[in-house]
Amino acid sequence: MLVSLLAAVLMLAFVLLTVLALTYLERKIIGHFQVRLGPMRTGFHGLLQAPADAVKLLAKEDAIPSQVDKPAFRIAPYLVFIPYFMVFAAIPLYRNIVPAPLKLGLFYVLAISSVSILGMLLAGWSSNNKYALLSGMRSAAQVVSYELPLVFSVLAVIMMAGSLDLTRIVSVQSPIPFFLLQPVGLLVFFASSLAETNRSPFDIPHAESEVIAGPFIEYSGMRFGFFQLGEYANLFAVSLLISLIYLGGWNGPLLPGILWLLLKSYLIIFIVFWIRATYPRLRPDQLMSFAWKYLLPISLINLFITAVFVILDLNRFLITIASLAGFALYTFAIGRKRFELYRERA
Amino acid sequence: MKNITALLKGLWITVSHLFKKPVTVQYPTQRPPISPRFRGMVVYIYDSEKGRDRCTGCGVCQAECPEKAIYVTKTKVDETDPESGETKSVPRPDVYKLNHNTCVFCGICVEVCPFDALAMIGEYELAAYEKVDLIRDKRDMLSHALPKLTKPWLEVSSGN
């Protein structure tokens with residue numbers, strides 16, 4: 001009892017520190033991508049920027065607009081923040097470093113992380129603001145549609161590992177990590193988790209140039225801070241999850257396992273920032289058609305191929321080849337169809 | 001296939017920018033280089049070699065200023081020529097005021113001055129707390145000018 005409480009507190013502190021580091025890293029990395037310097041004034045090379053921002057948010061006046069639905073407005077930040085942090089309860093950092101070792105860990109993580117969309121929707125609704133409502137709706141639609149390919153791509157991994165226990169999924173990968181056997185699954189999972197975390201190019205709910213700050217537009221001070229904490233915690237959770245179920249988690253030579261896990265997840269986070277620095281934002285209809293016409297069929301094809309090969313108990317590398325072939329075929333077919341449609345219109 | 005290579009090309013472009021030297025100038029400590037012909041603050045030039053004003057208060061600058069930012073009045077002053085030693089009554093400005101509130105830094109006053117008594121220097125931090133502080137008379141313009149008057153400007157203003 002006491003041990004698990006201590007583990008929970010330690011995990012919470014670790015996640016909060018990581019979130020602080022991530023806000024700094026994002027600003028710094030995006031700055032250098034844009035040939036700028038990023039934060040420089042607070043401390044050595046702006047290292048104290050994140051604590052300074054936290055202090056600023058805490059010191060701000062707790063302003064609530066008069067026309068909002070007050071109970072809902074007050075509870076929404078916590079509905080976003082708490083599920084994102086609850087996810088970490090079941091995420092192992094090493095073989096036995098996990099606050100709550102669950103048999104159904106992966107299921108729990110996927111289920112809990114989508115609860116926070118309620119908070120987003122509530123924030124959008126209760127703010128009594130057209131931009132907030134619009135982007136609350138948008139993010140709900142986005143998360144619901146990207147949940148499916150995400151879950152289907154994870155399902156293929158679960159079939160190969162034969163378990164929902166994250167520790168077991170990692171230990172299964174000790175010779176060959178799953179990204180070699182499930183490359184299509186990794187792509188689908190990564191794309192959908194970008195959408196789940198509202199990151200660019202799927203940051204439509206946040207779209208600074210049209211709906212300003214998304215569902216959080218009426219929020220300020222620490223309430224806004226809670227949303228930000230939740231978002232970054234979710235980013236970290238997703239990158240941990242990708243490195244656990246596709247990149248082999250803590251398996252790796254020389255370095256201690258926990259360092260390997262963190263290295264892998266920071267690599268994922270760097271790629272997320274890189275993508276943000278590169279691609280423009282999609283339109284809502286493009287986002288929807290990408291999820292339903294592209295990611296979902298591909299993840300289903302991948303799932304089907306994996307299922308067949310697992311049942312027939314064939315060589316595992318055949319799955320890689322077959323799923324890549326299925327991916328290429330589907331892409332080709334879609335391209336052909338689009339070409340025909342284009343010719344008809346012309 | 002073409003789409004995928006396009007996506008990768010985009011990623012390559014951004015990551016190649018990641019390792020470039022940032023273009024940021026950390027302003028108050030670092031400053032961008034100012035070109036010698038930069039049109040900054042207007043200064044009034046006192047001829048320190050001959051120990052006298054160059055301005056004769058003719059008022060061409062006042063007449064030409066599109067913003068009516070200059071105000072000059074003329075008087076007669078007895079001055080001794082350092083070379084010949086004779087004392088003459090010469091025209092000099094009595095009041096010379098330049099209003100930086102309305103000045104648009106067009107540089108016409110510098111161009112039209114027949115005695116090269118005005119110049120523009122690379123000084124661009126002209127903010128003041130009061131509007132009155134921006135109305136500068138001869139002495140203010142001089143005191144700002146003397147330490148910061150860069151060589152190229154002296155050459156340009158006294159060249160012909």
Side-chain angles (χ1 to χ4, degrees), chain A residues 25-46 183-184 187-188 190-191 194 200-202 267-282 286 289-290 293-294 298 324-325 327-339 342, chain B residues 1-41 100-101 103-105 120-131 133-134 143-145 147-153:
Chain A
L25 273 179
E26 167 151 39
R27 294 179 63 178
K28 209 67 187 171
I29 289 174
I30 292 291
H32 279 278
F33 266 123
Q34 294 164 355
V35 206
R36 294 183 289 114
L37 286 168
M40 285 295 280
R41 287 295 150 83
T42 37
F44 176 72
H45 280 248
V184 179
L187 275 178
V188 172
F190 187 64
L194 279 182
S200 178
F202 308 110
L267 177 74
I268 296 292
I269 288 169
F270 175 76
I271 292 172
V272 169
F273 292 162
W274 186 6
I275 284 171
R276 182 187 155 189
T278 308
Y279 299 132
R281 192 180 303 121
L282 294 180
Q286 290 170 333
S289 62
F290 183 65
K293 294 182 188 163
Y294 204 78
I298 281 176
L324 278 175
F327 175 65
L329 257 173
Y330 184 77
T331 318
F332 180 72
I334 276 266
R336 228 4 226 277
K337 188 75 198 161
R338 281 176 73 185
F339 179 68
Y342 176 75
Chain B
M1 204 57 214
K2 213 195 277 172
N3 300 337
I4 293 169
T5 48
L7 288 177
L8 293 179
K9 209 182 266 178
L11 284 174
W12 168 248
I13 288 172
T14 41
V15 86
S16 69
H17 278 73
L18 180 60
F19 299 106
K20 280 188 184 165
K21 195 176 177 292
V23 293
T24 311
V25 177
Q26 299 271 78
Y27 168 59
T29 46
Q30 296 172 9
R31 277 153 199 271
I34 295 290
S35 102
R37 297 192 59 183
F38 184 82
R39 295 210 303 254
M41 177 189 263
H100 273 104
N101 287 301
C103 178
V104 293
F105 302 95
M120 281 176 129
I121 58 169
E123 177 64 36
Y124 49 87
E125 288 166 327
L126 305 176
Y129 282 102
E130 303 283 338
K131 273 190 167 184
D133 298 343
L134 287 172
S143 65
H144 277 91
K148 285 185 178 161
L149 206 56
T150 45
K151 260 216 159 122
W153 269 113

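Convention: sequence-line order gives letters A, B, ...; per-chain numbering from 1.
- In this view, B/Leu134 and B/His100, B/Asn101, B/Ala128, B/Arg136 satisfy the side-chain contact (heavy atoms from CB on, under 4.5 Å) rule, not counting sequence neighbours.
- More than 12 heavy atoms of other residues, nucleotides or ligands sit less than 6.0 Å from atom OH of B/Tyr124.
- Summarising the geometry, atom CG belonging to A/Leu25 is positioned 8.0 Å from atom CD1 belonging to A/Ile269; distances are rounded to the nearest 0.5 Å.
- B/Leu7 touches chain A through backbone and side chain together, each having a heavy atom under 4.5 Å away.
- From A/Ile30, atom CD1 reaches atom CZ of A/Phe33 across 6.5 Å, with rounding to the nearest 0.5 Å.
- Remark: A/Ala333 engages no residue in a side-chain contact (heavy atoms from CB on, under 4.5 Å) (not counting sequence neighbours).
- Within the 4.5 angstrom heavy-atom criterion, only side-chain atoms of A/Phe270, from C-beta onward, approach chain B.
- Two residues are said to be in side-chain contact when any heavy atoms from C-beta on lie closer than 4.5 Å; A/Phe273 and B/Leu18 fail this criterion.
- Between A/Val184 and A/Leu187, every side-chain heavy-atom pair lies at or beyond the 4.5 Å cut-off.
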Once you leave out hydrogens and angles, what donor-acceptor pairs under 3.5 Å do chain B and chain A share?
residue : atom : partner  : partner atom : Å
B/Leu7  : O    : A/Tyr279 : OH           : 2.7
B/Leu11 : O    : A/Trp274 : NE1          : 3.0
B/Thr14 : OG1  : A/Trp274 : NE1          : 3.1
B/Thr14 : OG1  : A/Thr278 : OG1          : 2.7
B/Val23 : N    : A/Val35  : O            : 3.0
B/Thr24 : OG1  : A/Leu37  : N            : 3.3

